Structures are given as structure tokens and as C-alpha cells.
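Working notes, structure below.
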Amino acid sequence: MLLELNDYVGDMKRCARCSICKWPPLAVMKSWRFSQNCPSIARYNFYAYSGGGRMALGLALAEGKLDDVTDELLNIVYRCTACGACDSSCKYNSELEVLWSIYSTRAHLVSMGNFLPEHFMIIESLRKEDNTLMQPKADRAKWAEGLNIRDLSQGGQAEVIYHAGCLYCYDPDLSSIARDAVTLLKQAGIDLGIMGSNEACCGSMAFQLGFQGEFIKFAESNIDDWNAAGAKRVVTSCACGFGIMKAVYPLLGKEMKFEVLHITQILDELIKEGKLQLSKSIPTRVTYHDPCNLGRNSEEYVPWKGVEKKVLGQFILREPEKVVHRGWEGVYEPPRDIIRRVPGIELVEMERIREYSWCCGAGSGVKLSMDDFALWTASERIKEAESVAAEAIVTACPWCERNFKDAIAQSGDHLMVYDVVELVKQAL
């Protein structure tokens with residue numbers, strides 16, 4: 001299995017409870033109002049809801065010090081979007097694996113038969129219908145009707161496979177973005193295909209919730225299908241799918257004969273090559289929201305196995321040297337480069353961006369099981385966007401867009417929400 005709680009006991013023991021996981025580094029902090037980075041501790045204001053608090057819970061589980069897994073403990077463990085902000089902040093001056101300790105704690109609880117009823121419904125939907133949204137598998141490809149796109153479920157091969165992802169397939173308000181994405185790729189002359197009704201979930205939610213068996217099943221099946229279809233590139237518009245394919249799929253040890261790209265990466269490439277030309281003006285002031293799984297969580301993760309030695313009673317040396325995942329290598333520039341190339345658009349940055357971005361609130365099943373928390377988190381980001389006088393917030397993730405739109409509808413705000421793909425389509 002990928003997630004073993006005992007692998008992270010050393011990290012959990014070394015957590016100094018310093019609370020750095022709660023804040024962006026001082027070097028990038030700009031104001032008190034937007035100085036927090038963890039939605040969970042910001043919302044519930046009790047230490048157990050922080051990265052360090054969850055490390056303490058994980059350690060107690062690993063050492064057998066918790067006799068009973070209560071509903072409150074599960075509530076604390078899962079009222080977290082697994083956004084990774086705590087991990088990036090901790091690693092500003094440390095090497096502790098905060099996020100993967102959280103993942104492993106959840107996997108350990110699931111192995112004991114402890115999980116939320118809402119999460120069981122999500123996993124049952126995954127098992128029965130190949131998606132997390134409790135929608136029929138037979139409707140998976142309806143978003144692509146009338147596009148005259150090659151359906152590889154009927155056989156054949158393609159150099160580029162477009163993976164829409166669960167939310168783009170089934171959310172009627174968002175499926176137009178998937179349609180726009182494949183239209184743009186075809187317009188640029190890409191040899192493109194989709195898996196049609198055979199497209200399945202990437203498994204990211206199963207992984208984040210601790211259901212390792214389901215994740216491995218879907219990940220390995222996707223890899224096999226894309227290899228068999230002759231793909232040289234797999235392109236997805238779903239930031240969650242991209243993050244899991246880039247950071248976790250390689251850990252399964254299966255040969256991946258294809259490169260994984262997010263739609264913003266390939267569109268940025270096509271625009272710079274002149275294959276897509278943006279000429280129509282969109283006069284508006286926008287800010288860009290970094291999706292967690294497109295940004296910090298898409299950096300390839302390298303598990304460490306080796307020997308630790310303590311020098312001078314305090315310094316830890318590792319053999320072999322540990323590869324530290326800090327979130328710096330995420331996809332940050334391609335979406336911004338695209339936005340800057342749209343005529344008439346003025347791009348302004350919020351205070352918390354890139355690897356220290358504030359989460360939209362939808363990740364890790366929170367949108368499906370704890371919508372109150374998801375909407376609160378989104379509302380905080382919307383206030384941050386409004387603080388820089390943005391007329392619209394642009395993102396590159398269906399879950400971010402869905403949650404922002406819901407929060408705006410609830411509050412009555414007038415901020416517009418766009419996907420990068422929508423801007424490209426409008427600007428052609």
C-alpha cells in the first residue's frame with residue numbers, strides 16, 4: 001500500500017507544535033486580514049484542526065493511545081480539504097511530511113473500518129458507477145455529444161487523450177468548459193480522442209479520503225487504458241485529476257507511456273506557438289486563484305526510505321538524501337501567461353498565491369459532505385479577491401469554480417467566476 005501510518009511516525013514525533021503550519025511564511029505575508037493559510041484551523045479555532053494537531057492525532061493512533069475512534073475525532077480528521085497549505089508552510093524551514101501524515105492517518109482509520117457515512121456513499125458511487133457524484137456511468141460521455149470527437153471506447157488510438165473528469169462530465173453548468181477545451185484542441189490540429197463512456201474517475205477523492213484499494217484500482221485501470229490507446233499525452237481540465245496523476249500515479253510502479261498535462265499547459269503552449277491566436281478584447285480586471293491540486297499538490301512526491309542518523313543530538317541526517325516536496329514546482333505560470341495574453345484583461349494578484357494560496361474549500365470530499373465548511377472557505381477567498389478590486393476570479397479547476405459560484409449565489413456578491421478555458425474561447 002502507498003499509505004502506511006508507521007512510515008510517518010518519525011515526522012509526527014518531530015512536530016514541535018510551533019504553529020507554522022497555520023500561517024504563510026512571514027516573508028510572503030502582506031496583512032493580518034489574509035494571514036492564515038489553513039481553512040480548518042481558521043474556521044474552528046481549535047488546535048486539533050491544524051496540521052500539527054492532526055499530526056498529534058495520527059501519532060496517538062499509531063502508538064495505540066486512542067482506545068475509541070469517536071465521531072468527533074472523525075469530524076476533526078475529515079474537516080480538512082487536504083489542500084497542503086500546512087505542508088508547504090511547514091517546509092519553508094523543515095522537512096516534515098504533514099500532508100502525507102494526514103493522508104496516512106485517514107488510510108489507517110479506513111483500514112480499521114472508521115469513516116464518515118457520507119464518504120461511504122461517495123465510495124459506493126465510485127464502485128458502482130465509476131464516479132464520485134452518484135451519477136449513472138452510462139451518462140458519462142453526454143457532455144461530448146455533437147462534437148464529432150473520436151470515441152476510443154469504440155476502439156482506435158489517439159496521440160492525445162482528453163480526460164474531462166467527473167464534475168465536468170456531470171455538472172450541466174460546467175460541462176461547457178470541457179466542450180470548449182476539446183473544441184480548442186481540435187481547432188489547433190491536435191490528434192485527439194476521449195474515452196467516452198469508458199472514462200472513469202481518476203481516483204483522487206478515494207486517495208485523499210483514505211480508501212487506498214479503490215484508488216489503486218482506478219489509477220491502474222486508467223494507466224492501462226491510456227497506454228493501450230497509444231496516448232503520448234493525457235490532457236485533463238480537472239486540477240484534482242492532474243494533481244493525482246502527476247504526484248501519485250508514478251508511485252504505483254506501472255509504466256506510463258504518456259505525459260500528463262493540464263489543459264492550461266497545452267493551451268499556453270499552443271498560444272505561444274501561434275496555433276491559437278487571442279484577438280478579441282475582454283476588458284475586465286481579474287485575479288487568478290491557484291487550485292491546490294494544480295499548484296502545490298501536483299509536484300511529484302518521492303517517498304523516502306532509508307536510515308536516519310542524529311548528529312550532535314539534534315540534527316537529522318538521512319541516507320539516502322530525502323527529496324523534499326515543497327510545492328514550488330506546481331503549475332503556476334501557464335494559467336497566468338494565458339490570462340496576460342488576453343487583450344483587455346488586467347491581472348491583479350491576491351495576497352495568498354502560488355504554493356501559499358488559500359484553498360477554495362471544495363477538496364477532499366468536503367464539498368460533498370460538509371458544504372457549510374466548503375462555502376465558508378470559498379467566501380473567504382471571494383473577500384480576498386474583492387480586496388484587490390477584481391471584477392472576476394479566474395481559476396482552472398471545476399471544484400473551485402463550482403464552490404465559488406455557490407458561495408457567491410448564497411452571499412449575493414457580484415463577482416464573476418471564469419475558467420481559463422472560457423477566457424481563451426471568448427478571446428479567439
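Note that the structure is a prediction, hence the values are computed from the model and not measured.
Between E346 and R285, at least one side-chain N (NZ, or NE/NH1/NH2) sits under 4.0 Å from a carboxylate O, which counts as a salt bridge. In summary, R352 and E380 do not engage in a salt bridge, as defined by a charged side-chain N under 4.0 Å from a carboxylate O. The existence of a salt bridge linking K137 and E129 is excluded, since no basic side-chain nitrogen approaches an acidic carboxylate oxygen closer than 4.0 Å. The pair D406-R402 meets the salt-bridge criterion, with a side-chain N (NZ, NE, NH1 or NH2) lying under 4.0 Å from an Asp/Glu carboxylate O. A salt bridge links D372 to R79: at least one charged side-chain nitrogen sits closer than 4.0 Å to a carboxylate oxygen. Salt bridge K272/D337: present, at least one basic N to carboxylate O contact under 4.0 Å. Here K425 does not pair with E422 in a salt bridge; the nearest charged N to carboxylate O distance is not below 4.0 Å. A salt bridge links D290 with R336: the distance from a Lys NZ or Arg NE/NH1/NH2 to an Asp or Glu carboxylate oxygen falls below 4.0 Å. A salt bridge does not link K246 to E259: none of the charged nitrogens lies less than 4.0 Å from a carboxylate oxygen. Comment: E214 does not engage K217 in a salt bridge, judged by the lack of any side-chain N to carboxylate O separation of less than 4.0 angstrom. For the pair K254 and D224, the salt-bridge criterion is met [side-chain N within less than 4.0 Å of a carboxylate O].
The only member of P25, C21, S94 that meets side-chain contact (heavy atoms from CB on, under 4.5 Å) when paired with S89 is P25.
In this structure, F242 and H262 have perpendicular ring planes: the angle between them is above 60°, well past the 30° mark. Aromatic ring orientation, Y301 versus W100: parallel (interplanar angle below 30°, classes split at 30° and 60°).
Side-chain contact of R296 with S357: a donor-acceptor pair under 3.5 Å is absent, judged by distance alone. Neither side chain, N75 nor Y44, offers a donor N or O lying under 3.5 Å from an acceptor on the other. Residues Y162 and S237 bring a donor and an acceptor atom of their side chains to less than 3.5 Å of each other. S153 and D151 share a donor-acceptor pair across their side chains, judged by distance under 3.5 Å alone.
Atom CD1 of I102 and atom CZ of R54 lie 6.0 Å apart (nearest 0.5 Å). For the atom pair L294 CG and Y332 OH, the distance stands at 8.5 Å (nearest 0.5 Å). Summarising the geometry, atom CD1 belonging to I41 is positioned 11.5 Å from atom SG belonging to C80; distances are rounded to the nearest 0.5 Å.
Under the 4.5 Å side-chain criterion, counting only non-hydrogen atoms from C-beta, F215 is not in contact with L209. At least one side-chain heavy atom of Y49 sits under 4.5 Å from a side-chain heavy atom of I76.
Within a 6.0 Å radius of NZ in K275, no more than 12 heavy atoms belonging to other residues, nucleotides or ligands are found. Other residues, nucleotides and ligands contribute at most 12 non-hydrogen atoms within 6.0 Å of the CD atom of E319. Environment of CD in E72: crowded, with over 12 heavy atoms of neighbouring residues, nucleotides or ligands closer than 6.0 Å.
The shortest non-hydrogen separation linking A164 to C169 is CB-SG, 3.8 Å.
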